[in-house]
Enquirer: 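This is the structure I have questions about; it appears just below.
Numbered from 1 within each chain, the chains take letters A, B, ... in sequence-line order.
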Amino acid sequence: SSNPFTRAQEEERRRQNKTTLTYVAAVAVGMLGASYAAVPLYRLYCQTTGLGGSAVAGHASDKIENMVPVKDRIIKISFNADVHASLQWNFRPQQTEIYVVPGETALAFYRAKNPTDKPVIGISTYNIVPFEAGQYFNKIQCFCFEEQRLNPQEEVDMPVFFYIDPEFAEDPRMIKVDLITLSYTFFEAKEGHKLPVPGYN
Amino acid sequence: MSTAMNFGTKSFQPRPPDKGSFPLDHLGECKSFKEKFMKCLHNNNFENALCRKESKEYLECRMERKLMLQEPLEKLGFGDLTSGKSEAKK
């Protein structure tokens, strides 16, 4: 046990064990860090590639002010309107379609009427076809996601103010897209029920 | 997007509008501007570019009647319809 050769051997083995332990700990910490970083990195990846229809960054008013319309890229926007079965409104678009170019703000109208003799509160959401074009469709203001109360027999115009992002014209996956359909669906808002923003699968 | 099942399935997450919802025009205060805009669309094969003046007037009506937050027209995409900007560009 006091053999110099044996003692040197034990020290060498102890040093190797310490080195191995250090590497294992470093790998473990690295993987932990990578798993935390995965969330923002994945979000970044989705933003650049449009995977999963994630929102593209930058929708501020300043962007609108500096947009340059892409005049030679005409897109037809088709409008659709639906109501859920339990909502007794008449709801329809005021125009069948409009022709827009990316980078130019556009206005369109829906119209809703409450033919019943009671006030009704509706809340709407929207869908865009084709799915990939949704990331380029930016609504500045509309009537969606907030409760809209129509009094008995009341009929109101519901504007949608929007633009197609100028980057639409540069996306190779959008080359063949020249028709975008905007669908709004109104649901009846039940008292006290907080509607989450729905996702469609 | 946490399971493999989701990778092959498209998921569309609706986004709220940048400036929220328009208040309802219960009294139809801007209805005449809207009708003027719709008439322009019908007369121009629904080309938005040819009716931007009418849409600007409709939004101005809403801003005047507190049915929309006041906003510079440049920030609503009507910079080229403002006389100062168009003169500057020429």
Side-chain angles (χ1 to χ4, degrees), chain A residues 42 46 51-55 59-62 64-67 69 71 74 76-77 94-101 103-109 125-128 131-132 134 138-146 148-151 154-163 197-201, chain B residues 1-2 5-31 33-35 37-38 40-42 44-52 54-59 61-62 67-69 71-82 85:
Chain A
Y42 185 75
C46 287
L51 184 71
S54 295
H59 294 296
S61 300
D62 295 333
I64 296 170
E65 189 170 7
N66 297 312
M67 279 192 317
K71 294 278 187 183
I74 297 177
K76 178 179 175 179
I77 311 287
Q94 295 282 273
Q95 65 286 298
T96 52
E97 76 270 352
I98 62 172
Y99 295 88
V100 303
V101 297
E104 186 174 78
T105 53
L107 186 65
F109 285 90
T125 184
Y126 74 96
N127 201 351
I128 289 170
F131 155 79
E132 291 84 3
N138 298 281
K139 294 174 312 312
I140 301 164
Q141 208 161 356
C142 69
F143 49 89
C144 48
F145 297 122
E146 285 187 27
Q148 310 287 350
R149 177 192 173 106
L150 286 192
N151 297 313
E154 187 176 22
E155 188 168 22
V156 295
D157 295 318
M158 293 184 167
V160 183
F161 189 45
F162 67 95
Y163 67 94
V197 175
Y200 301 102
N201 280 308
Chain B
M1 292 290 165
S2 56
M5 282 284 293
N6 281 333
F7 269 94
T9 309
K10 294 178 177 177
S11 169
F12 181 73
Q13 192 71 23
R15 290 176 280 123
D18 296 343
K19 296 187 197 298
S21 256
F22 279 113
L24 289 188
D25 184 4
H26 285 284
L27 305 178
E29 298 176 66
C30 298
K31 184 170 177 169
F33 290 94
K34 173 246 173 177
E35 284 172 353
F37 170 75
M38 296 301 297
C40 177
L41 276 186
H42 279 93
N44 292 281
N45 290 318
F46 297 99
E47 280 192 47
N48 172 70
L50 303 177
C51 299
R52 293 179 62 243
E54 283 77 9
S55 57
K56 171 177 80 78
E57 286 170 1
Y58 174 82
L59 296 172
C61 173
R62 274 192 164 259
L67 292 168
M68 187 178 172
L69 288 180
E71 196 86 32
L73 291 173
E74 291 83 2
K75 290 189 183 298
L76 300 176
F78 297 111
D80 57 323
L81 298 185
T82 310
K85 276 293 181 92

Enquirer: Name the region of Glu154(A), side chain, backbone, both or neither, that has any atom closer than 4.5 Å to a heavy atom of chain B.
Expert: side chain
Enquirer: With a 4.5 angstrom heavy-atom cut-off, is it the side chain or the backbone of Leu59(B) that approaches chain A, or both, or neither?
Expert: side chain
Enquirer: In terms of heavy-atom pairs under 4.5 Å with chain B, which of Leu107(A), Ile74(A), Val160(A) leads?
Expert: Leu107(A)
Enquirer: I'd like to know if the side chain of Gln95(A) reaches the main chain of Phe109(A), judged simply by a donor and an acceptor atom lying under 3.5 Å from each other, with no hydrogens or angles considered.
Expert: yes
Enquirer: Check whether any side-chain heavy atom of Asn48(B) sits under 4.5 Å from a side-chain heavy atom of Ile77(A), and report yes or no.
Expert: no
Enquirer: Quick one: of Pro159(A), Pro69(A), Cys144(A), who has the most non-hydrogen atom pairs under 4.5 Å with chain B?
Expert: Pro159(A)
Enquirer: Before accepting this row, confirm whether a basic side-chain N of the pair Lys34(B)/Glu54(B) lies closer than 4.0 Å to the acidic partner's carboxylate O.
Expert: no
Enquirer: Taking the side chain as every heavy atom from C-beta outward, state whether Ser55(B) and Phe78(B) have any pair of such atoms under 4.5 Å apart.
Expert: yes
Enquirer: With chain B as the partner, which of Glu97(A), Met67(A), Glu155(A) has the greatest number of non-hydrogen pairs under 4.5 Å?
Expert: Glu97(A)
Enquirer: Say whether, by atom type as modelled, one donor and one acceptor occur between the side chain of Arg52(B) and the main chain of Gly77(B) under 3.5 angstrom.
Expert: yes
Enquirer: In terms of heavy-atom proximity below 4.5 Å to chain A, should Asn44(B) be classed as side chain, backbone, both, or neither?
Expert: neither
Enquirer: With no hydrogens and no angle check, just 3.5 Å: does a side-chain donor-acceptor pair link Tyr163(A) and Lys139(A)?
Expert: no
Enquirer: Select, from Phe162(A), Phe143(A), Tyr99(A), the one with the greatest count of heavy-atom pairs under 4.5 Å involving chain B.
Expert: Tyr99(A)
